[in-house]
Number of protein chains: 2
Amino acid sequence: MSRTDTPRRGGRQGRAGIRDVAAAAGVSITTVSDALNGKGRLPDATRRHVREVAERLGYRPSAAARTLRTGKSGLIGLTVTTYGDEPFTFTEFAYFAEMARAATSAALARGYALVILPATSRHDVWSNVALDGTVVIDPSDQDPVVTELVRQGLPVVSDGRPAGTLPVTAWVDNDHRAAVLDLLDHLAAAGARRIGLLTGTTTDTYTRLSTTAYLHWCERVGQDPVYESYPAHDPCAGAVAADRLLARPDRPDAVYGLFDPNGTDLLAAARRYGLRVPEDLLLVCCSESTVYATTEPPITTLSLKPRRIGTAVVQLLIDAIEGVTHDGPVEQVIPTELIVRTSSQRRPPRTTVSAPRSPAGD
Amino acid sequence: MSRTDTPRRGGRQGRAGIRDVAAAAGVSITTVSDALNGKGRLPDATRRHVREVAERLGYRPSAAARTLRTGKSGLIGLTVTTYGDEPFTFTEFAYFAEMARAATSAALARGYALVILPATSRHDVWSNVALDGTVVIDPSDQDPVVTELVRQGLPVVSDGRPAGTLPVTAWVDNDHRAAVLDLLDHLAAAGARRIGLLTGTTTDTYTRLSTTAYLHWCERVGQDPVYESYPAHDPCAGAVAADRLLARPDRPDAVYGLFDPNGTDLLAAARRYGLRVPEDLLLVCCSESTVYATTEPPITTLSLKPRRIGTAVVQLLIDAIEGVTHDGPVEQVIPTELIVRTSSQRRPPRTTVSAPRSPAGD
DNA sequence: CTCGTTGACAGGTACGTTTTTGCATGATCA
DNA sequence: TGATCATGCAAAAACGTACCTGTCAACGAG
């Protein structure tokens with residue numbers, strides 16, 4: 001009477017295993033595995049029979065056992081910068097949401113699922129999930145998470161050019177420098193004489209590259225830089241900084257805002273100072289939000305194409321996982337898109353003009 | 001000497017296993033497991049020694065093996081409605097992003113990670129990942145995914161009251177009916193004589209409950225319903241519907257828009273018809289976006305508090321996973337919040353008034 | 001008649017843990 | 001002194017799958 005009760009530890013209480021299917025179908029475990037996975041040499045009759053019995057028993061293979069045996073989990077990590085404490089900044093919401101959505105779709109289409117993980121290097125979360133690879137958003141220099149993952153031999157693809165000598169498998173990014181220069185040229189062509197910048201105090205690559213591109217442009221055309229910085233994670237600070245920028249004695253006649261809410265912030269500040277847009281002030285901001293199509297006036301935005309980035313990142317990662325090896329890190333640059341609206345055109349056009357890029361296909 | 005070559009299948013090529021740690025530390029496998037997991041009765045010296053050796057070898061336990069053995073994966077599914085084909089509607093972006101963010105944080109805080117999964121019942125994705133439970137967003141009646149999960153004995157918690165007799169473990173939702181009635185009373189108190197509604201053609205619970213609440217309210221106060229419906233997933237259709245609503249002969253003097261972009265859409269339409277907000281038209285829309293704080297004028301919004309919903313859903317799910325059993329489905333109603341701004345106040349206040357709530361902490 | 005050959009399956013092992021059980025060893029107590 | 005007991009650890013059994021290595025029959029070729 002010592003071991004009458006073996007209550008099937010391991011959570012799958014009562015669930016049918018491959019062994020039960022084999023018994024019910026009158027074949028061996030090997031045959032069941034081969035029949036369900038389309039391997040081995042089995043007559044179609046046996047294959048059908050096994051499949052039918054498995055269906056009848058409601059058999060679902062154990063993902064854990066399969067992963068343990070094959071070494072592939074079908075899971076991809078998606079690392080969000082500083083998720084644990086203060087989640088990713090509010091200003092990146094639309095960008096992140098779209099990027100994650102595209103990444104999820106792309107992964108699912110190839111049979112993988114996405115796991116959201118924090119950028120903290122606390123092992124107790126990371127080591128609890130078997131990953132085949134990881135997407136890292138905007139990794140910092142010497143990122144401990146990336147280093148650890150690479151040490152484990154896992155492929156890592158980053159959204160954003162890796163700083164320093166971070167050994168990522170591949171990366172995808174925009175050409176932020178070219179985007180900013182292009183955009184400033186656009187404003188100058190619309191008649192801007194002094195272009196201001198609303199930027200962030202953070203040191204991430206996007207902010208840094210964009211700001212230095214602005215400074216270079218100013219130097220090239222011989223304009224004094226006019227900019228205000230604020231901590232991008234604080235939505236209120238953005239409104240204050242926008243106000244400061246327009247309150248300056250050397251007030252710019254055009255402004256580019258690096259972050260999503262800057263458009264409405266600048267618009268509100270312009271109203272406070274009685275500045276008409278675009279007559280007195282040209283406006284552009286970097287955003288993925290569609291609200292800027294219906295503001296008064298509609299605001300020109302720079303889109304970083306997060307959908308394409310999310311898709312590309314996942315494709316590269318899965319390629320690496322499935323053994324499509326390249327030599328050296330693979331780099332892929334996604335073009336940005338300037339969506340020109342009323343706010344950046346000195347003489348209002350008859351129709352709202354979009355940039356002459358590929359119109360469809362995202 | 002027949003099996004000299006066992007090239008360590010299973011992906012962890014070269015990775016140190018618990019057996020290697022045991023050998024290096026001169027103890028048994030059991031001792032290593034106990035030392036690292038804080039179980040068993042070991043002197044601190046042994047425990048430290050084993051931990052140090054494990055650290056030196058860079059040992060990381062295999063999540064797959066642990067899951068197989070314990071039956072717990074530490075993974076929670078997050079099911080997004082109709083993700084595969086056309087991802088979740090653009091109008092729900094901010095809501096979903098915030099909800100998912102809160103859910104992720106709450107899960108991580110309790111040692112779980114979130115896996116994003118599609119609502120399609122294709123087994124090949126679902127069966128590849130070992131889940132401890134699942135969060136389902138707005139499940140449809142007789143949802144096949146939920147049914148299958150429950151059949152497998154997994155706890156399921158839904159965001160949104162389950163329709164019909166869907167056997168979820170627990171659910172969290174707002175009281176949409178009360179929120180709409182409250183909001184309409186607010187508009188009436190501000191002087192609205194005829195309140196219009198911008199609603200959707202979809203049959204999801206949120207749209208349905210909100211619309212019927214509106215109709216009930218109209219009946220109660222003796223007002224003829226004035227509403228326009230449009231497919232919420234099409235952002236352009238929203239602008240058209242807003243225009244239609246204000247072009248009607250029985251034009252309303254106040255409008256509530258059910259979806260996030262309706263605020264800017266209605267504002268644009270009002271400008272086209274020369275209507276001043278709030279003097280000629282009162283405006284409220286349901287949104288989680290902060291842009292409505294800086295539009296001209298700022299627009300009153302109804303927040304569904306997705307952060308609190310995401311947190312609550314995950315807490316309930318993990319409680320169920322970890323054996324905190326309740327009898328019958330657990331229901332939790334999260335209060336909504338009406339953030340009153342200029343657009344719904346007939347006599348403009350001296351300062352922009354925010355709702356009298358706790359200013360910080362969500 | 002024997003001998004490879006091929007088809008159709010079964011046996012058994014390994015994946016890397018956790019956990020139960022059990023065996024020594026020394027200390028404590030009747 | 002012998003019985004009892006706590007302590008410190010090891011052996012071994014799972015967990016459920018995938019795959020490698022047979023085995024056995026049938027069968028045509030030599």
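Hydrogens, waters and symmetry mates are skipped; everything else that's a heavy atom, side chains included, is used. Keep in mind that this is a model prediction, so the values were computed, not measured. Just so it is clear: chains get the letters A, B, ... in the order the sequence lines come, proteins before strands, and each one is counted from 1.
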(request) In whole angstrom, give the distance that lies between atom CG of Asp20(A) and atom C1' of dG16(D). (result) 10 Å
(message) So that I can tick it off, tell me whether Arg110(A) and Asp319(A) are bridged by a salt bridge, with the cut-off set at under 4.0 angstrom between side-chain N and carboxylate O.
(response) yes
(message) Please report the distance, rounded to the nearest Å, between CD1 in Ile18(A) and P in dA14(C).
(response) 19 Å
(message) Using the salt bridge (Lys or Arg N to Asp or Glu O under 4.0 Å) criterion, which residues pair with Arg56(B)? Sequence neighbours excluded.
(response) Glu52(B)
(request) Spell out, as yes or no, whether a donor-acceptor pair under 3.5 Å connects the side chain of Asp20(A) to the backbone of Gly17(A). (result) yes
(request) Write down the distance between CG (Asn128(A)) and C1' (dT18(C)), rounded to a whole number of angstrom. (result) 14 Å
(request) Please determine if a side-chain N or O atom of Arg69(A) lies less than 4.0 Å away from the OP1 or OP2 oxygen of dG16(D). (result) no
(request) Assign each of Thr30(B) and Ala65(B) to its nearest nucleotide of DNA chain D by heavy atoms, then name whichever residue's nucleotide is nearer the 5' end. (result) Thr30(B)
(message) At 4.0 Å (heavy atoms only), tell me whether Ile29(B) reaches a base, stays on the sugar-phosphate, or touches nothing.
(response) base
(request) Grab the OH-P distance between Tyr59(A) and dG16(D) for me, whole Å please. (result) 10 Å
(request) Specify the separation, in whole Å, of atom CG of Leu57(A) and atom P of dG16(D). (result) 15 Å
(message) Please confirm whether the shortest side-chain N or O distance from Ser33(B) to OP1 or OP2 of dT18(C) is below 4.0 Å.
(response) yes
(request) Could you tell me whether a side-chain N or O of Asp132(B) sits under 3.5 Å from a main-chain N or O of Ser73(B), the two making a donor and an acceptor? (result) yes
(request) Would you mind reading off the distance between Arg19(B) atom CZ and dA10(D) atom P, rounded to a whole angstrom? (result) 15 Å
Listing time: all N or O pairs from protein to nucleotides 5-9 of chain D that are below 3.5 Å?
from	atom 1	to	atom 2	distance (Å)
dG8(D)	N7	Arg41(B)	NH2	3.0
dG8(D)	O6	Arg41(B)	NH2	2.9
dC9(D)	OP1	Thr46(B)	OG1	3.4
dC9(D)	OP2	Thr46(B)	OG1	3.0

(request) Take atom CG of Asn37(A) and atom P of dC19(D), then tell me their distance rounded to the nearest Å. (result) 7 Å
(request) Quick one: pull up OG1 in Thr67(A) and NZ in Lys72(A) and give me the separation to the nearest 0.5 Å. (result) 10.5 Å
(message) With a 3.5 Å distance limit and no angle check, can you tell me whether Asp143(A) reaches the backbone of Val145(A) through a side-chain donor-acceptor pair?
(response) yes
(request) Would you tell me if any nitrogen or oxygen in the side chain of Lys39(A) comes within less than 4.0 Å of OP1 or OP2 on dA18(D)? (result) no
(request) Specify the separation, in whole Å, of atom CZ of Arg66(A) and atom P of dC15(D). (result) 19 Å
Please tabulate, one pair per line, all N/O donor-acceptor pairs under 3.5 Å involving side-chain atoms of residues 150-162 of chain B, not counting sequence neighbours.
from	atom 1	to	atom 2	distance (Å)
Gln152(B)	NE2	Glu148(B)	OE2	2.8
Ser158(B)	OG	Gly160(B)	O	2.8
Asp159(B)	OD2	Tyr95(B)	OH	3.1

